[in-house]
Amino acid sequence: MPEEQSGNRECAQALSEFREVTAQARTQVQSSDTPLDPQALAAYKRQQRKAARRWRGALLSEERATLDHQMAEHVKAQPCYEQASVVFGYYSFGDEVATHALLQEALEMGKTVVLPRCVGPRHLDWYRVDSFEGLELSSMGVAEPPARADHQLTKDQWPQSGAVALIPALAFDRAGKRLGYGGGYYDGFLAEFPGVSLGLGRRAMVVDALGALEPHDASVDFIVTEAGVIIPQG
C-alpha cells in the first residue's frame, strides 16, 4: 500500500506539472503577436517531456498493463486496422505504450509487420519482420530490425492503401499533434506516410492543446487511448 500511494502521488504531481507547463506554453503562444522564438519553444518542450516521462515512469506496472491492454483492444476494433494488410509498428520498450502482443497478433493474422530503424536526422528506414527474435538494440536501447536489404520496405514500396501506422509519443493534443522524444523521426515519417496513422497515448497525456509547437510538428489521423478513439479537431 505505501508503494502504491507513493506512485499515485508521483503520478499526480507529474501530471500537474505537465499541465501547468503546457498551459504556460499555450498562454504565451496565444498572447504573442509573433511566434515564440526557437529557444523558448525548445525550453517548453524540454519541461513537457520531463514531466510526461516522470508521469509514465510513476505508473504502477499493473495499471500500465491494464491501460495498454484496453488500448490494444480499441486499436484492433478500428476498421482501418482490421482491414490493413500492412502495419507500420514500433517495438515498445520501458514504459512506452506496449505493442508486443498487438504486433504478434498482427503477424498471426497474416498482416505484414514492418518496424523502423533510426538511420539519420528525422529519418526512419522500415523493415519487414517475420518474428521478433533477432531484433537488435540501438544505441538508445530501442529494439530494431536487422538492416536486411531483402526485408526493407522503401518509400516507393509503401502501399497507397491498406496500411496503418502505430505512432508512439509522450503526449498528444486534440488537434492530433504529438509531443515526441525530440528526434523528429516520426514527424518526418508522418509527413510522407500515405496510410492511416494511429497515435497511441494514455488518456491522461491527451490535452486540449500542447502550445509549444513548431512548423514541422506533424499530426496523427486518430488518437487511441484506453478510453476509446479521439478524432482530432482543428
Side-chain angles (χ1 to χ4, degrees), residues 65 67-93 96-119 122-135 142-169 172 174-178 180-181 185-203 205-206 217-233:
L67 297 178
D68 294 356
H69 173 74
Q70 293 170 341
M71 201 180 309
E73 293 301 306
H74 288 302
V75 169
K76 291 186 290 186
Q78 298 310 299
C80 63
Y81 186 83
E82 290 180 331
Q83 297 164 13
S85 58
V86 182
V87 176
F88 287 69
Y90 67 95
Y91 200 73
S92 58
F93 78 108
E96 283 189 315
V97 172
T99 60
H100 297 187
L102 185 61
L103 295 176
Q104 180 61 45
E105 187 172 338
L107 284 178
E108 293 170 358
M109 294 171 64
K111 298 181 186 294
T112 297
V113 174
V114 292
L115 296 179
R117 285 181 67 94
C118 300
V119 295
R122 293 173 54 83
H123 185 75
L124 299 170
D125 278 349
W126 295 87
Y127 294 85
R128 176 175 55 80
V129 295
D130 301 313
S131 75
F132 303 108
E133 296 179 3
L135 296 182
V142 179
E144 298 181 334
R148 294 180 51 183
D150 59 334
H151 279 53
Q152 186 174 6
L153 199 68
T154 58
K155 181 182 172 183
D156 61 304
Q157 296 172 318
W158 292 358
Q160 296 302 303
S161 62
V164 298
L166 308 179
I167 307 297
F172 293 95
R174 288 188 171 274
K177 298 293 185 180
R178 55 186 291 277
Y181 300 108
Y185 294 103
Y186 280 95
D187 291 318
F189 168 69
L190 287 168
E192 300 179 328
F193 182 60
V196 180
S197 54
L198 303 177
L200 305 188
R202 300 176 185 115
R203 180 64 186 84
M205 285 291 111
V206 179
D217 288 330
S219 302
V220 294
D221 295 313
F222 300 96
I223 303 166
V224 185
T225 76
E226 72 276 9
V229 177
I230 297 172
I231 302 175
Q233 304 293 323

Locate the shortest heavy-atom distance separating Pro159 from Pro194; write the atom from each residue and the value. O-CG, 3.4 Å
Would you mind reporting whether Leu198 and Cys80 have side-chain heavy atoms less than 4.5 Å apart? yes
Min side-chain heavy-atom separation Glu96-Tyr181 under 4.5 Å: yes
Less than 4.0 angstrom from a charged side-chain N to a carboxylate O is my criterion; do Asp68 and Arg202 meet it? yes
For Gln78 and His74, the nearest pair of non-hydrogen atoms, with its separation, is NE2-O, 3.1 Å
In Å and rounded to the nearest 0.5 Å, what is the CH2 to CD distance from Trp126 to Glu144? 10.5 Å
What's the spacing between Ile167 CD1 and Asp187 CG if we round to 0.5 Å? 10.0 Å
Between Phe88 and Phe189, does the ring centroid distance fall short of 6.0 Å? yes
Is the shortest heavy-atom distance from the side chain of Glu105 to the side chain of Met109 under 4.5 Å? yes
Is any side-chain heavy atom of Val129 closer than 4.5 Å to a side-chain heavy atom of Tyr91? no
From CE (Met71) to OG1 (Thr99), nearest 0.5 Å: 11.0 Å
Heavy-atom side-chain proximity of Leu103 to Leu115 below 4.5 angstrom: yes
Closest non-hydrogen atom pair, Pro116 against Gly89: CD-O, 3.2 Å
Check whether any side-chain heavy atom of Lys111 lies under 4.5 Å from a side-chain heavy atom of Tyr81, and answer yes or no. yes
When you measure from the side chain of Glu226 to the backbone N and O of Arg203, does any donor-acceptor pair fall under 3.5 Å? yes
Is there a donor-acceptor contact under 3.5 Å from the side chain of Ser197 to the main chain of Ala165? no
Any side-chain heavy atom of Leu107 within less than 4.5 Å of one from Phe132? yes
Among Val142, Asp125, Leu124, exactly one meets side-chain contact (heavy atoms from CB on, under 4.5 Å) together with Cys118. Which residue is that? Leu124
Does some side-chain heavy atom of Arg178 sit less than 4.5 Å from a side-chain heavy atom of Tyr186? yes
Arg174 side-chain N/O to Gln233 backbone N/O, donor-acceptor pair under 3.5 Å: no
Separation of Tyr127 OH from Leu153 CG (nearest 0.5 Å): 10.5 Å
Side chain to side chain contact (heavy atoms under 4.5 Å, CB included) evaluation trace for Leu200 with Tyr90: CA-CA 11 Å; Leu200 305 188; Tyr90 67 95; 3.8 Å; yes
Where Leu135 and Pro145 come nearest, the two heavy atoms and their spacing: CD2-CA, 3.7 Å
Give me the atom names and distance for the closest heavy-atom approach of Ser219 to Ala175. OG-O, 3.8 Å
Can you confirm whether Lys76 is buried at NZ, in the sense that more than 12 heavy atoms of other residues, nucleotides or ligands lie under 6.0 Å from that atom? yes
Look up atom OG1 in Thr225 and atom CD in Gln70, then write down how far apart they are to the nearest 0.5 Å. 9.0 Å
Atom CG in Leu102, atom CG in Leu166: separation rounded to 0.5 Å? 6.0 Å
Looking only at atom types and distance, does a side-chain atom of His123 sit under 3.5 Å from a main-chain N or O of Gly188, one as donor and one as acceptor? no
For Pro232 and Gly176, which heavy atoms make the closest approach, and how far apart are they? CB-N, 3.6 Å
